[in-house]
Amino acid sequence: MRAPLRAILVLAASAALLQGCAGRSLYHWGEYDDALYAHYKNPQDREAFVERLRVVIDGAEQAGEKVPPGCYAEYGYALYEEARYEDASRYFKLEREKWPESGVLMQKMIGLADRRGGKEPVAPAPAKPAAAVPVKATKAPAKAPAKPAATHGPAGALERR
């Protein structure tokens, strides 16, 4: 009887300790995932979706936490669809700034929003200069024989381009 009681106490103590280890998330997700799911399920309720995105962004910024990846872009695209191009461009720029890996896509979205808004497209952020590597003059390689195009699948679509 004593061993099962000890096992239960050890388990309870371990659970309590592990509960304290469950730290905060890296991002302020709020209801972002629920909002996306509801929007994909019922796209006609778009206004509620846009409002929920705004609440997630405002909540994160007020709490001093990170906005989840893609949230600025999603909100910017919702504004773009409403023809609020200047606001959309601002949120695309925030996404690019906070998440540099989205830079290429966000730069294209910024350009679209700026063109639609009547502005000149913003120049891309300057790339870091590459180290100078001397180029050695070589003979041009012989042309490789043409490969037959694949007939199906994503790889085939890329090869046919």
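Although no hydrogens or angles enter the test, the distance criterion places no donor-acceptor pair under 3.5 Å between the side chain of Glu65 and the main chain of Ala60. Proximity of a side-chain donor or acceptor of Glu95 to a complementary backbone N or O of Gly70 within less than 3.5 Å is detected.
Under the 4.5 Å side-chain contact rule for hydrophobic residues, Phe49 and Tyr37 do not share a cluster.
The ring pair (Phe, Tyr, Trp, His ring centres under 6.0 Å) test with Tyr85 singles out one residue from Tyr91, Phe92, Tyr80, Tyr77, and that residue is Tyr80.
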Intermediate values then yes/no, side-chain contact (heavy atoms from CB on, under 4.5 Å), Arg52 and Val56 = CA-CA 6 Å; Arg52 289 174 82 181; Val56 169; 5.6 Å; no

Evaluate side-chain contact (heavy atoms from CB on, under 4.5 Å) for Met106 paired with Lys93, printing each intermediate quantity in order.
-> CA-CA 7 Å; Met106 289 302 101; Lys93 289 173 185 173; over 6 Å; no

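Within a 6.0 Å radius of CD in Glu47, no more than 12 heavy atoms belonging to other residues, nucleotides or ligands are found. Heavy-atom contacts from other residues, nucleotides or ligands closer than 6.0 Å to CZ of Arg116 number 12 or fewer. The environment of Glu86 atom CD is sparse: at most 12 non-hydrogen atoms of other residues, nucleotides or ligands sit within 6.0 angstrom.
Asp87 has its side chain out of reach of Glu82: every pair of non-hydrogen atoms, C-beta onward, lies at least 4.5 Å apart. Annotation: side chain of Lys66 is not in contact with side chain of Lys98 (no heavy-atom distance under 4.5 Å).
Here the shortest heavy-atom pairing between Tyr75 and Ile57 reads CB-CD1, 3.7 Å. Considering every non-hydrogen atom in both Ala88 and Gly76, the closest pair reads CB-O, 3.2 Å.
Here the straight-line distance linking atom CG of Leu105 with atom CZ of Arg96 works out to 11.5 Å at 0.5 Å rounding. Going from atom SG of Cys71 over to atom CG of Leu94 covers 11.0 Å, rounded to the nearest 0.5 Å. For the atom pair Ser89 OG and Asp114 CG, the distance stands at 4.0 Å (nearest 0.5 Å).
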